[in-house]
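Here's the structure, in structure tokens; my notes come after.
The figures that follow rest on heavy atoms only: side chains count, while hydrogens, waters and symmetry mates do not. Residue indices begin at 1 and follow the sequence shown. One-based numbering, in listed order, for ligands and for the atoms of each.
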Amino acid sequence: MSSTIYILNGPNLNLLGKREPEIYGHDTLADVETSCAAVGAPLGLSVKLLQSNHEGELVDWIHEARTQGAGIIINPAAYSHTSVAILDALNTFEGPVLEVHISNIHKREAFRHHSYVSARAEGVIAGFGVEGYALAMRRMGTLLG
Ligand code: CA2
């Protein structure tokens with residue numbers, strides 16, 4: 001039976017591929033789900049990709065992953081820089097957590113340079129575009145292997 005990786009996405013990422021392609025590219029979250037599923041299949045990993053514009057809903061999905069997920073890949077979007085609630089929720093999760101940012105947050109405004117989630121993440125990928133999600137899936141295979 002395959003293990004499930006939760007791929008959680010924060011506010012405004014529902015617009016991925018539809019707005020600001022110069023920063024975030026042309027791929028949509030549906031494309032991300034397809035590429036992550038393709039990477040995960042030979043590793044025995046399935047994906048559950050979710051997106052919310054609401055902090056509490058992301059917290060609820062992290063709690064769900066506590067019993068139904070083997071690992072979490074999270075792009076908390078703007079909540080990266082503000083949310084102690086998401087950090088606290090991730091600290092209750094026992095499996096590996098990987099943080100992904102599509103853009104290189106360190107090349108952008110200073111307020112994007114700090115992420116609360118990074119204090120919990122086993123690793124952080126930033127600036128690799130949406131390929132970062134598939135790279136994180138590959139790393140999940142290693143961490144869970
Ligand atoms: O680079 C990333 O992945 C970010 O997490 C994206 C967040 C931003 O607040 C973080 O600092 C870095 C913003 C997500 C907005 O997503 C959009 C996607 C397409 C069009 C408009 C917004």
Side-chain angles (χ1 to χ4, degrees), residues 3-43 45-66 68-144:
S3 302
T4 302
I5 305 302
Y6 276 64
I7 305 178
L8 302 179
N9 294 276
N12 299 304
L13 285 166
N14 52 309
L15 297 177
L16 196 64
K18 299 167 187 163
R19 297 277 188 282
E20 300 186 61
E22 66 284 359
I23 302 177
Y24 299 111
H26 290 279
D27 286 348
T28 65
L29 279 184
D31 296 323
V32 169
E33 186 168 28
T34 300
S35 63
C36 286
V39 172
L43 301 170
L45 302 175
S46 59
V47 302
K48 182 167 182 175
L49 187 145
L50 299 163
Q51 186 277 331
S52 181
N53 294 325
H54 305 279
E55 188 175 23
E57 191 163 33
L58 291 160
V59 168
D60 287 343
W61 287 334
I62 293 166
H63 293 176
E64 181 184 302
R66 281 165 44 77
Q68 294 175 50
I72 295 176
I73 294 170
I74 185 166
N75 182 348
Y79 289 142
S80 316
H81 319 301
T82 64
S83 181
V84 176
I86 289 175
L87 172 62
D88 286 348
L90 289 169
N91 279 332
T92 74
F93 180 76
E94 290 182 2
V97 174
L98 298 174
E99 179 180 359
V100 171
H101 296 284
I102 299 164
S103 64
N104 180 359
I105 54 175
H106 302 289
K107 197 179 175 186
R108 300 182 67 188
E109 303 97 320
F111 67 82
R112 296 186 200 275
H113 296 178
H114 175 263
S115 166
Y116 285 96
V117 168
S118 299
R120 167 62 185 89
E122 269 65 39
V124 182
I125 294 172
F128 285 66
V130 295
E131 281 181 70
Y133 290 90
L135 293 169
M137 277 298 292
R138 184 173 296 277
R139 180 65 179 155
M140 272 296 172
T142 304
L143 293 172
L144 293 168

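At the top of the distance list for atom 12 (C) of ligand 1, counting protein heavy atoms only, stands Ile105 CG2, 3.7 Å. For atom 17 (C) of ligand 1, the nearest protein heavy atom (residue, atom name, distance) is Asn12 O, 3.5 Å. Of the protein's non-hydrogen atoms, the one nearest atom 4 (C) of ligand 1 is His101 ND1, 3.8 Å. For atom 11 (O) of ligand 1, the closest non-hydrogen atom on the protein side is His81 NE2, 2.7 Å. For atom 21 (C) of ligand 1, the nearest protein heavy atom (residue, atom name, distance) is Glu20 OE2, 3.5 Å.
Considering backbone and side-chain atoms alike, Arg108 places every N or O at 3.5 Å or more from each N or O of ligand 1. Backbone and side-chain nitrogen or oxygen atoms of Arg112 are examined, and one is located within less than 3.5 angstrom of a nitrogen or oxygen of ligand 1. Checked against a 3.5 angstrom limit, the closest N/O atoms of Ser103 and ligand 1 fall inside it. Where the criterion is an N or O separation shorter than 3.5 Å, residue side chain and backbone included, Tyr24 fails it with respect to ligand 1. Not one N or O of Arg19 is nearer than 3.5 Å to an N or O of ligand 1, by distance alone. Ligand 1 has a nitrogen or oxygen under 3.5 angstrom from a nitrogen or oxygen of Ile102.
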Tell me, with the steps shown, if Cys36 and Ile7 meet side-chain contact (heavy atoms from CB on, under 4.5 Å). CA-CA 9 Å; Cys36 286; Ile7 305 178; 3.7 Å; yes
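Here the CG-CG distance, from Leu50 to Leu13, works out to 12.5 Å after rounding to the nearest 0.5 Å. Atom CG of Leu58 and atom OH of Tyr6 lie 13.0 Å apart (nearest 0.5 Å). Rounding to the nearest 0.5 angstrom, the gap separating the NZ atom in Lys107 from the NE2 atom in His113 is 11.5 Å.
In this structure, His101 and His81 have parallel ring planes: the angle between them is below the 30° cut-off, well short of the 60° mark.
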Would you mind writing out the side-chain donor-acceptor pairs for residues 119-137 within the sub-3.5 Å range, not counting sequence neighbours?
from	atom 1	to	atom 2	distance (Å)
Arg120	NE	Leu90	O	3.1
Arg120	NH1	Glu122	OE1	3.2
Arg120	NH1	Glu122	OE2	3.3
Arg120	NH2	Phe93	O	3.0
Arg120	NH2	Gly95	O	2.6
Glu122	OE1	Val97	N	2.7
Tyr133	OH	Asn9	OD1	2.7
Tyr133	OH	Asn75	ND2	3.2

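Heavy atoms of Lys18 come nearer than 4.0 angstrom to ligand 1 in no pair at all.
Applying the 4.0 Å criterion to heavy atoms of Ala78 picks out, from ligand 1, the atoms 9 (O).
Under the 3.5 Å distance criterion, with hydrogens and angles disregarded, no donor-acceptor pair is assigned to the side chains of Glu55 and Asn53. Residues Glu99 and Ser115 have side chains that bring a donor and an acceptor to within less than 3.5 angstrom of each other.
Evaluation of the salt bridge (Lys or Arg N to Asp or Glu O under 4.0 Å) rule for Arg112 yields Glu109 as partners, not counting sequence neighbours.
Within the 4.0 Å heavy-atom criterion, neither part of Ile23 lies near ligand 1. Here Asn75 has side-chain heavy atoms under 4.0 Å from ligand 1, and that is the only part of it that gets that close.
Under the 6.0 Å cut-off for aromatic ring centres, His114 and Tyr116 qualify, their centroids lying closer than that.
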